[in-house]
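Scroll down for the structure; my scribbles are underneath it.
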Amino acid sequence: MSVLLAPSLLAADFLQLEKEVAMVNESQADLFHVDVMDGHFVPNLTFGFFIIKQIKRIAKKPLDVHLMISNPDRYLEAYKDAGADWLSVHYETCPHLHSSIQQIKRLGIKAGVVINPHNPISLLRDIIPDADYVLLMSVNPGFGGQRFIESTYRRLQELNELKAKMNPQLLIEVDGGVDATNAGKLAKAGANVLVAGSAVFGADSPAHSIEEIKAAAEK
Ligand code: DX5
Ligand code: ZN
């Protein structure tokens, strides 16, 4: 199966948002990754419904919305209404994760669970049958441009073992520090979706960087 690439708009130039979205529309990228932060669950604040709605008006590819917020249950429907096609919540923010995932699925969109780098993959065992995807953080959430955490490869392997047993349809997404140098290894280790922020928007030619990451992932 080919690997999907989701450029993270967190690293885009927001003064040129329309141009940045158009670039992704015309590129080989598959999804828009949209990072929502609340300054509470993570030590950074980004954007909410208003900007996502604007992006949705011009985006020609699905929006993969990654909620890094406390108490996400309160806002699931609002993010769906704003335009989320994929919606993920952190394991760390959901005391009733099974119910949160069901709620997202009832909205008719893809439901994902995100796990932080310190939390054992085995915690996901009983939610994997219900989730459409698991987003494995390969940095600590909150900021773009951080260095990739190497234990991600071992964690990917563990997640793949659980996936094979519990839900072979599950998609595995990796987020943080992804670029053309590690995309191939991640794809080989079982990643189905790669998020890349600074490696795309920090490049001289973002469109070319998207091609490079895709090519590396599919090699
Ligand atoms: C971090 C976010 C990431 C971030 C990735 O909290 O979840 O999506 O944008 O950025 P890079 O690719 O620069 O690590
Ligand atoms: Zn993200």
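Both counts, for ligands and for their atoms, begin at 1 and track the order of listing. Counting from 1, the numbers follow the sequence of the chain as shown.
By heavy-atom distance, the residue among Asn116, Asp175, Asn44 lying nearest atom 5 (C) of ligand 1 is Asp175. Closest heavy-atom approach to atom 14 (O) of ligand 1 within the set Gly142, Gly197, Gly177, Pro7: this belongs to Gly177.
Between Phe49 and Tyr75, the two ring planes are tilted [angle within 30° to 60°].
For atom 11 (P) of ligand 1, the closest heavy atom belonging to the protein is Gly145 N, 3.6 Å. Among all protein heavy atoms, the one lying closest to atom 10 (O) of ligand 1 is Gly144 CA, 3.5 Å. Protein heavy atom nearest atom 1 (C) of ligand 1, with residue, atom name and distance: Phe143 O, 3.5 Å. The protein atom (non-hydrogen) at minimum distance from atom 9 (O) of ligand 1 is Ser8 OG, 2.8 Å. Among protein heavy atoms, the minimum distance from atom 2 (C) of ligand 1 is reached at Asp35 OD1, 3.4 Å.
Interatomic distance, Leu67 CG to Ile69 CD1, rounded to the nearest 0.5 Å: 4.5 Å. Within the model, atoms CD of Gln146 and OG of Ser138 stand 9.5 Å from one another, a figure rounded to the nearest 0.5 Å. Annotation: the span from Leu136 atom CG to Ile149 atom CD1 amounts to 10.0 Å, rounded to 0.5 Å.
Near Met137, with a cut-off below 4.0 Å to any heavy atom, the atoms of ligand 1 are 7 (O). When each atom of ligand 1 is checked for a heavy atom of His33 under 4.0 Å away, the hits are 8 (O). Close approach of ligand 1 to Met68 (heavy-atom distance below 4.0 Å) involves ligand atoms 6 (O), 7 (O). Taking every heavy atom of Met37 and a limit of under 4.0 angstrom, the matching atoms of ligand 1 come to 6 (O). Close approach of ligand 1 to Val195 (heavy-atom distance below 4.0 Å) involves ligand atoms 8 (O). Within ligand 1, the atoms closer than 4.0 Å to a non-hydrogen atom of Ala196 are 12 (O), numbered from 1 in the order shown. Residue Ser198 has at least one heavy-atom neighbour below 4.0 Å for each of these atoms of ligand 1: 11 (P), 12 (O), 13 (O). Taking every non-hydrogen atom of His66 and a distance limit under 4.0 Å, the qualifying atoms of ligand 1 come out as 7 (O).
Shortest non-hydrogen contact noted between Pro120 and Ile115 is O-CD1, 3.5 Å. Across all their heavy atoms, Ala207 and Met23 have their closest contact at N-SD, 3.9 Å.
Residues Ser8 and Val200 have side chains not in contact (no heavy-atom distance under 4.5 Å, counting atoms from C-beta outward).
When the shell of 6.0 Å around CD of Gln28 is examined, it contains more than 12 heavy atoms from other residues, nucleotides or ligands.
Residue Pro141 places no N or O, backbone or side chain, under 3.5 Å from any N or O of ligand 1. Remark: ligand 1 and Asn140 share no N or O pair separated by less than 3.5 Å (distance only, no angle test).
Proximity of Phe148 to ligand 1 is not established, as no heavy-atom distance is less than 4.0 Å. In this structure, Gly176 has a heavy atom closer than 4.0 Å to ligand 1.
The Zn ion (ligand 2) lies closest to atom ND1 when only the N/O/S atoms of His66 are considered. Take the N/O/S atoms of Asp35: the one nearest the Zn ion (ligand 2) is OD1. Asp175 contributes atom OD2 as its closest N/O/S atom to the Zn ion (ligand 2).
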Subject >> Trace of the salt bridge (charged side-chain N to carboxylate O under 4.0 Å, His left out) decision for Glu161 with Lys165 >> reply: CA-CA 6 Å; Glu161 285 163 16; Lys165 264 192 264 172; over 6 Å; no

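Connection of Val195 to Leu31 is not established within any shared hydrophobic cluster, with ILVMFWY side chains joined at heavy-atom distances below 4.5 Å, either directly or through further cluster members. Leu87 and Met137 end up in different hydrophobic clusters when Ile, Leu, Val, Met, Phe, Trp and Tyr side chains are linked at under 4.5 Å.
The one candidate from Lys56, Lys60, Lys110, Lys80 that meets the salt bridge (Lys or Arg N to Asp or Glu O under 4.0 Å) condition with Asp85 is Lys56.
Judged by the 6.0 Å distance and 45° axis criteria, Lys185 is positioned over the aromatic ring of Tyr153.
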